[in-house]
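Before any comments, here is the structure.
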Amino acid sequence: MAVPKNKTSKQRKAMRRSAVWRLDTPNLSACPKCGELRRPHTVCRACGFYNGRDVLQLEAASKKKK
Ligand SMILES: [Zn+2]
């Protein structure tokens, strides 16, 4: 089994875990209904609109079916 030759310093560990490695932001596109930014292929969190219909409002109307 490979064993680390040197101790990883606090600074080096912090550098490895820092956010500079995850600078990419998620893709965002405007909702066609309300214009709110949302991630592609997801229901709009502002108005519940997805794929040409109000998905979340339909779920609220018929609570028995989940
Ligand atoms: Zn929307």
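Given the structure is predicted, the values throughout are model-derived calculations rather than measurements. When a ligand or atom number is given, it counts from 1 through the structure's own listing order.
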What is the minimum heavy-atom distance between Arg38 and Cys31, and which atoms define it?
NE-CA, 3.8 Å
Under-2.8 Å neighbours of the Zn ion (ligand 1), protein N/O/S atoms only
4
Taking all non-hydrogen atoms of both residues into account, name the closest pair between Thr42 and Tyr50 and its distance.
O-CD1, 3.2 Å
Looking at side-chain heavy atoms only, is the closest gap between Leu28 and Arg39 below 4.5 Å?
yes
For Thr8 and Arg16, the nearest pair of non-hydrogen atoms, with its separation, is CG2-NH1, 3.9 Å
Residue pair Pro32 / Phe49, side-chain heavy-atom distance below 4.5 Å:
yes
What residues, two or more places apart in sequence or in another chain, satisfy side-chain contact (heavy atoms from CB on, under 4.5 Å) together with Pro40?
Asn27, Ser29
